[in-house]
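FYI, side chains are in, hydrogens and waters are out, and symmetry mates aren't considered; it's all heavy atoms of this structure. Here is the naming used below: chain letters follow the sequence lines, and residue numbers restart at 1 for every chain.
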Amino acid sequence: GAVVSQHPSRVICKSGTSVKIECRSLDFQATTMFWYRQFPKKSLMLMATSNEGSKATYEQGVEKDKFLINHASLTLSTLTVTSAHPEDSSFYICSAPNPGRNSGNTIYFGEGSWLTVV
Amino acid sequence: AQTVTQSQPEMSVQEAETVTLSCTYDTSESDYYLFWYKQPPSRQMILVIRQEAYKQQNATENRFSVNFQKAAKSFSLKISDSQLGDAAMYFCAYRSGGANSKLTFGKGITLSVRP
């Protein structure tokens, strides 16, 4: 079945540095990918929609300069947390819709990434 | 805008028993899909079941089934013969019919299974 892979699964970085998270669709092409943030025992909060070949669409309240999203190819989207601070520590998860005819209009999720800023 | 409501934050079920998780949604669209996702402690989002709005028949996947009431905009998940591995957070989600449309999630419900 369709697989979305996210890397790294866990990352610790120092305050003030930047960290990049990758999201790859392994067996289908994704013109769109979604990035979410999730706080403990809470629902997924959509941060932005990345679009291959164009600028990402950010949800209200999400800082574009803080969370840089690049959709470099039809199988790769990246989220870069710039000048990270402890309050950016969270679980980030990506997803991608499989546009294939037999996909059942399902969105597939990566494994998620735990970011800890110290 | 579409909204998804899961009003029960927590539920508990005895192993081998049946439990129903509630979900309602609001939309003015006619073409949409509904999903239940399971999120265990690993945080991996696992698709449990999917329902196309145009289908009248309720979706079923082994021990999981839904009660889709389109007019009432209700989409509940029934888990039969509950197992310890069913303990997780469950999210109800809505998706418009467009190829690249996003998922709108409910707040989720934490299900615990008593041995």
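- Remark: B:K78 NZ is loosely packed, at most 12 non-hydrogen atoms of other residues, nucleotides or ligands lying under 6.0 Å away.
- Atom CD of A:E87 has more than 12 heavy atoms from other residues, nucleotides or ligands within 6.0 Å.
- The only option from B:Y37, B:F91, B:F35 that meets the ring pair (Phe, Tyr, Trp, His ring centres under 6.0 Å) definition with A:F109 turns out to be B:Y37.
- Of all the heavy atoms in B:N100 and A:P97, the pair that sits closest is OD1-CG, 3.9 Å.
- In this structure, CG on A:L44 lies 8.5 Å from CZ on B:R43, to the nearest 0.5 angstrom.
- For A:Q6, no part lies under 4.5 angstrom from a heavy atom of chain B.
- Cluster membership for A:V81 and A:V117, using ILVMFWY side-chain heavy atoms within less than 4.5 angstrom, is shared.
- With values rounded to the nearest 0.5 angstrom, A:F34 atom CZ is found 8.5 Å from B:K102 atom NZ.
- Surrounding NZ of A:K66 are more than 12 heavy atoms belonging to other residues, nucleotides or ligands, all under 6.0 Å away.
- Annotation for A:H85: atom NE2 counts as buried by contact number, over 12 foreign heavy atoms lying within 6.0 Å.
- Cluster annotation: A:Y58 and B:F105 are assigned to distinct hydrophobic clusters (Ile/Leu/Val/Met/Phe/Trp/Tyr, side-chain heavy-atom contacts under 4.5 Å, transitive).
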> side-chain contact (heavy atoms from CB on, under 4.5 Å) between A:I93 and B:M45: does it pass, once the steps are laid out?
Replying inline: CA-CA 9 Å; A:I93 190 166; B:M45 292 291 283; 3.8 Å; yes
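- How far CG of B:L103 is from OH of A:Y36: 4.5 Å, rounded to the nearest 0.5 Å.
- Listed for the A:S43 side chain is a donor-acceptor partner under 3.5 Å among the backbone atoms of B:G106.
- Rounding to the nearest 0.5 angstrom, the gap separating the CZ atom in A:F91 from the CD atom in B:Q39 is 6.0 Å.
- In the displayed structure, B:K107 atom NZ is contacted under 6.0 Å by at most 12 heavy atoms of other residues, nucleotides or ligands.
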